[in-house]
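Beneath this line is the structure, given in structure tokens, with notes to follow.
A, B, ... follow the sequence lines: proteins, then strands. Residue 1 opens every chain.
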Amino acid sequence: MASPAQGQSVELQAADVTCLGGADPAKYPLQKKRHSLEFLRTIAHLRPRTNTFGAVARVRSALSGAIHNFFQNRGFVYIHTPIITTSDCEGAGQMFQVTTLDLKQPPMIAGQVDFSADFFGQAANLTVSGQLEAEIYALALGDVYTFGPTFRAENSNTSRHLSEFWMVEPECAFCDLAGDVGLAEEFLKAIFSHILQHCPEDMSFFNKLIDSTVIETLEKIIQSDFERISYTEAVEILTRSRENFAFPVSWGADLATEHERYLTEKWVNKPVVVTDYPKEIKPFYMRLNDDGRTVAAMDVLMPKIGEIIGGSQREERYQALQSRMLEAGLSLDTYWWYLELREFGSAPHAGFGLGFDRLVQFVTGMSNIRDVIPFPRTPKSAAF
RNA sequence: UCCCCGGUAGCUCAGUUGGCAGAGCGGGUGGCUGUUAACCACCUUGUCGCUGGUUCGAGUCCGGCCCGGGGAGCCA
């Protein structure tokens with residue numbers, strides 16, 4: 001019925017009310033007041049009932065749908081890459097081991113655990129990335145993407161890291177670095193537009209109560225052209241800046257958080273794509289440039305949260321890949337199938353990885369990544 | 001993992017020089033009211049993170065540990 005009160009056009013008039021499930025007000029933890037996000041994290045089974053976590057859940061779901069739409073509409077094939085992997089070092093940090101062996105009394109051979117007696121007949125881990133497997137399908141089907149959980153056993157205690165997080169990884173055949181950067185820019189803009197269009201109520205909620213700049217930031221990014229600079233240019237800009245950095249800038253060293261923030265927040269206040277990093281600070285699979293000292297890598301840096309996308313053109317030349325693997329001290333046997341992709345009908349290809357939870361963070365303005373995933377897993381914390 | 005800050009009532013916090021454990025909110029009861037985080041009165045609430053020490057006496061001082069926050073590293 002019509003409501004005489006302000007701020008609402010209609011209201012319910014109940015003829016009959018039945019209580020289906022009571023909640024003792026003396027015990028119910030959610031009070032009629034503002035709770036801290038830290039406290040709500042300790043009651044993860046009740047926090048989705050709050051307006052903030054409801055809005056986060058809806059936007060997270062909408063973002064997820066937008067990502068699938070974006071790729072499906074462009075003919076990308078969604079690939080389910082494995083969660084359990086026996087590639088013992090995918091090169092992206094510490095892995096969680098998966099085993100059915102009795103940890104109190106594992107089978108031993110010559111003082112070493114005998115993993116041939118383990119479930120898979122060898123040591124197995126949770127994946128840190130679906131990229132290498134995505135490359136297999138890209139070189140068969142063309143454009144593909146993965147979107148699934150990823151696991152890192154790093155002891156990272158920050159507002160931007162989870163031990164279990166979701167990652168989006170497109171991989172495109174017949175694509176070079178410029179094409180990869182273009183895809184990343186188009187992708188982010190499409191996702192942001194989708195959210196502004198489809199979640200206006202939740203977005204104004206975030207803008208009002210969480211971060212008063214989120215909507216404006218997203219709108220600006222949609223309209224802006226991402227700045228593209230090479231690592232070498234970035235180092236020059238940083239050196240010329242006369243900023244008082246805690247970490248010195250020099251060619252060959254990785255960019256620190258403060259450097260990335262300067263580039264994206266002060267130098268130009270918009271997303272910056274840094275390309276062509278020194279090969280020493282990037283993984284073996286990135287394509288060696290003609291200068292012999294840099295690789296075709298790219299990082300998309302966003303104001304406030306820093307790196308949101310990391311990608312590269314992959315090394316498609318057999319000899320070049322082999323020598324980079326040897327330089328990195330990797331076993332060629334472990335990656336025999338990865339090398340065979342270059343031996344049998346190789347093609348230029350490129351892709352990137354996007355931290356999905358960081359994307360949710362950026363879109364909602366939520367400052368801690370533990371508050372944009374329903375059940376966060378971090379060091380010393382996996383309750384619920 | 002490193003640096004800094006914190007942990008006191010269900011929640012958010014105060015607690016002086018080492019000397020009886022506090023407030024607001026919440027909850028209960030009553031009142032009032034087309035309310036919007038209602039309002040008024042009264043009542044209710046403690047393993048002061050854990051542990052060892054100093055002291056006549058420790059929330060307060062010292063050591064160790066656990067957990068949380070901010071920053072850094074690693075990265076997405």
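On a pure distance criterion of 3.5 Å, no polar donor-acceptor pair joins the side chain of A/Arg34 and the base of B/rC25. Side chain A/Ser156 to base B/rC75: no donor-acceptor pair is found below 3.5 Å.
Within 4.0 Å of A/Pro29, counting heavy atoms only, lies no atom of the nucleic acid at all. The residue A/His161 sits close to a base: some heavy atom pair falls under 4.0 Å. Residue contacts for A/Ile309: at a heavy-atom cut-off of 4.0 Å it reaches the sugar-phosphate backbone alone, with no base atom in range. Heavy atoms of A/Lys380 sit under 4.0 angstrom from primed sugar atoms or phosphate atoms, though from no base atom. Residue A/Ser159 is classed as a sugar-phosphate contact, given heavy-atom separations below 4.0 Å to backbone atoms only.
By the criterion of a centre-to-centre distance under 5.5 Å and near-parallel planes under 30°, the ring of A/Phe356 forms no stack with the base of B/rA76.
The aromatic ring centroids of A/Phe192 and A/Phe362 lie less than 6.0 Å from each other.
Residue A/Gln31 has its side chain nearest to B/rG10 when only B/rA76, B/rG70, B/rG10 are considered.
Look at B/rA14: it lacks any Watson-Crick or wobble partner with both distances under 3.5 angstrom.
In this structure, A/Arg49 fails the cation-pi test against A/Phe53, since its NZ or CZ atom is not both closer than 6.0 Å to the six-membered ring centre and inside 45 degrees of the ring normal.
Remark: the A/Tyr231 side chain and the A/Asp299 side chain contain no N/O donor-acceptor pair separated by less than 3.5 Å.
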